[in-house]
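Here is the naming used below: chain letters follow the sequence lines, and residue numbers restart at 1 for every chain.
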Amino acid sequence: MPEPDGEAGQAGQAGQGGQPAGGRRIWVVPQLRDGRVTRASWEALAAAGQLAAALAASAPSSSAVPTVSIDAVLLGSGVAAAAGELAQRGVAAVLVADHPALAAYTPGAWIGVLAPAIGAERPDYVLFPHTYQTVDFVPRLAQRTGAGLLPEVTGFAPAAAATAGAGGVAAGDGLVWTRPVLGGKLQARVRVRGAGTVLVSVQSGSFPADALPAAAADGDVKLQPLPVDPAQARPDREILGYEEAAAQQVDLTKAGIIVAVGRGVGGADKLGPIEELARALGAEIGASRPVIDSGWLPRERQIGSSGQTVSPRLYIAAGISGAIQHLVGMKGSAVIVAINKDPSAPIFTVARYGLVGDLHELVPALTAAVKAAQG
Amino acid sequence: MKIAVCIKQVPNSEARLRLSRDGRWLDEEDLPFIVNESDEYALEEGLRLAERTGGEVVAFSLGPERVREALRKALALGAARAVHLADPAFAGGDALATGRALAAALAREAFDLVLTGSQSDDAGFGATASIIAGHLGWPHVWLVMGVELEPAAGPPASAKVTREMESGVNEVSRVALPAVLAIQAGINHPRYASLKGIMQAKKKEIAVLSPADLGLGPAELGAAGSRLEVLSVAFPAAGEGAQILEGDPQTAAAALVQKLRQEARVL
């Protein structure tokens, strides 16, 4: 019978990292792909920069300006190049857990390194890119360390600005965070109560990474080894391998125009008019996840976080409400047209043009208008 | 094989949504509720694994009285019995508080496998499975697209699990049982309830658990036991950024094509 993970207390000694004890501390845990720091991780680092500025500004005016430090915490095996990359982008220190036991990600190994470090160092915030890997292990890391958990944030603001009219008074550092709920149909404003570390995951596309300093602020960045105890950093799943999810016979990333359908189309037997519109435009057909899961179109046509990421010159979204998982896969399109019966659907927040109404009437009308314009 | 499936009842987001008076959530009067989508796939996966191994499924849900409807549906689909965590003290919890309560309820029995959906369609934390697993000290996998019990014959000792990753790659791993798996929508094709199943469900037990049954105090549960607090919710500004083209379908479509040709220059 395995021992339950304890909700460990946060007793520990200060010291490691780029900041002397007393200041506020933000950690960022980047992820790597092919040995390089991912774009979503740079965005988490950009979020940390904005958070540091907000924490410094939120201090009571009577006290001295508090120090807020940002450290990157890097896990893996043979990650010196990525550590060097991180050291040049405005962090105080890079804590590096470089160990053969971390060659492949597992929740057990990652939590086995991060939980003792968080318990000992007690950073105020630990930021993660909101990825599938993060959702896989960070909630359990929060449970293990007794930290708060704040997933999928898209922004934050000082309490006064964010809660005007909402009747809320924020505590602690006074920050009010935004995150999508109901698949993005609503934006929630949330705060974190109480003391202690908070684990935050940052939705991609919310904090532009190009605002990051391109080089070291002061050339004094410390690379510090983070201890890895193989007895603690134990894999809790045996990795057997990685496989391609679906043969990608359709490369939607090269399409100039995409007509994409969502659940609102209503069924596989109702795709005829969509296909006609796509033919008239010389477009590829794409779909949001519910259409794929229902078996109305093959998985190779899925657009979104678990499908393809596309950026055509024209993207027509028909019957797609615009859940964030879909938006991250298409919002880079040059021009987006949304066709939806619900004028408050989140897809309209990224669209340049919108048609509000029944897509079964609007799509054939659009096909006819396209053909008429083509002469 | 004894399998627990945790299901959540969520608002049907296709319905007309109105905000509650205090602006913190939806007005639940006349709001239709459904079983969370990925939880339906988790329930189906649990039923299939139970049928294959001659076991049973027990459905768990936390929430107010209306949650019984979701549990009744699980019973109609084939769950042997249900457990309802029903107490106002459970309400308003964040993922950590809700996971703590569910784990305490699950620990009262000896399950071989606990399934959840990958994430709820309302709060969308995606956190319940791994928090439960942390409390139980079991391995977990999130976003599961395939489960094979091993060995194929005889009592299962482990599961070969396919986990979805970004960019079209799946991780295949083996976890020892007992384990907690968060099931991704699309893993199977959920069945429909039969009339016979619906009739039988009426006779099946829905046990009710209170915080005292779980040995948990009010400070560990619900809103009081949560560090996360929702201050307000709001609709994104309607048509923010989008030019809405008005008129009947023909007029609107013609106006759109003109914009796409002359203003956006993409046609």
Side-chain angles (χ1 to χ4, degrees), chain A residues 2-5 131-132 135-136 139-140 142-144 148-151 163 166 168 176 181-183 185-194 236-246 248 293 306 313-314 335 338 343-344 346 348-349 351-356 361-362 365-366 369-370 373, chain B residues 13 17 23 94-96 99 121-127 130-131 133-143 164-166 168-175 185-186 227-236 238-245 249-250 252-254 256-257 259-261 264 266:
Chain A
E3 284 298 308
D5 302 351
T131 64
Y132 289 178
V135 184
D136 190 44
R140 186 171 186 155
Q143 184 273 334
R144 164 86 173 268
L149 177 67
L150 176 50
T163 59
V176 175
V181 292
L182 280 176
K185 287 208 168 185
L186 293 176
Q187 282 289 330
R189 295 188 178 89
V190 303
R191 68 172 173 177
V192 182
R193 297 183 296 201
D236 50 352
R237 63 179 70 145
E238 178 194 349
I239 303 295
L240 302 174
Y242 302 92
E243 60 183 31
E244 291 291 317
Q248 299 253 320
D293 286 345
S306 51
R313 70 175 190 275
L314 175 60
V335 175
S344 66
F348 287 112
T349 64
R352 178 153 166 198
Y353 303 110
L355 298 176
V356 177
E361 293 177 9
L362 287 164
L366 185 53
V370 168
Chain B
S13 64
L17 303 174
D94 65 10
L96 288 157
D121 296 330
D122 52 1
F125 293 129
S130 70
I131 291 169
H135 282 287
L136 298 176
W138 300 354
H140 79 274
V141 183
W142 185 74
L143 215 54
E164 190 174 308
M165 298 167 67
E166 276 106 347
V169 178
N170 289 336
E171 171 197 278
V172 183
S173 70
R174 176 176 292 128
V175 291
R227 290 189 64 194
L228 213 59
E229 181 189 18
V230 177
L231 297 171
S232 67
V233 294
F235 290 102
E240 182 184 286
Q243 265 184 63
I244 304 295
L245 302 165
Q250 287 68 32
L256 173 61
V257 170
K259 293 269 185 196
L260 292 176
R261 288 168 68 94
V266 289

Is B:Leu17 close to A:Leu182 at the side-chain level, that is, under 4.5 Å between some pair of heavy atoms?
-> yes
If you count heavy-atom pairs under 4.5 Å between each of B:Ala185, B:Ala254, B:Gly99, B:Gly124 and chain A, which one has the most?
-> B:Ala185
So, the part of B:Leu256 with a heavy atom under 4.5 Å from chain A: the answer is side chain
Closest heavy-atom pair and its distance - A:Pro139, B:Ser130 | CB-OG, 3.1 Å
With A:Ala338, which residues qualify under side chain to side chain contact (heavy atoms under 4.5 Å, CB included), at least two apart?
-> A:Ile347, A:Phe348, A:Ala351
Which one, B:Val233, B:Val266, B:Val141, leads in non-hydrogen pairs under 4.5 Å with chain A?
-> B:Val266
Interface residue of largest heavy-atom contact number with chain A, from B:Pro249, B:Gly23, B:Ala95, under 4.5 Å = B:Pro249
So which part of B:Asp94 gets closer than 4.5 Å to some heavy atom of chain A, the side chain, the backbone, both or neither?
-> neither
Distance (rounded to the nearest 0.5 Å) between A:Gln143 CD and B:Ile131 CD1 | 7.5 Å
Using non-hydrogen atoms and a 4.5 Å limit, figure out which bit of B:Leu245 sits close to chain A: side chain, backbone, both or neither.
-> both
Euclidean distance, A:Arg140 CZ relative to A:Asp236 CG, rounded to 0.5 Å | 6.0 Å
How would you list, by chain and number, every residue that makes a side chain to side chain donor-acceptor pair (under 3.5 Å) with A:Thr131, sequence neighbours excluded?
-> A:Gln31, A:Thr134
Do B:Glu171 and A:Asp136 have side chains that get closer than 4.5 Å, going by heavy atoms?
-> no
With respect to chain B, which residue among A:Pro346, A:Gly183, A:Ala365 yields the maximal number of heavy-atom pairs within a distance under 4.5 Å?
-> A:Ala365
Tell me, out of A:Lys185, A:Arg313, A:Glu238, who's got the most heavy-atom pairs with chain B below 4.5 Å.
-> A:Glu238
Residue part contacting chain A, namely of B:Leu228, when any heavy atom lies under 4.5 Å | both
Chain B shares the most heavy-atom pairs under 4.5 Å, among A:Val356, A:Val370, A:Val181, with A:Val181
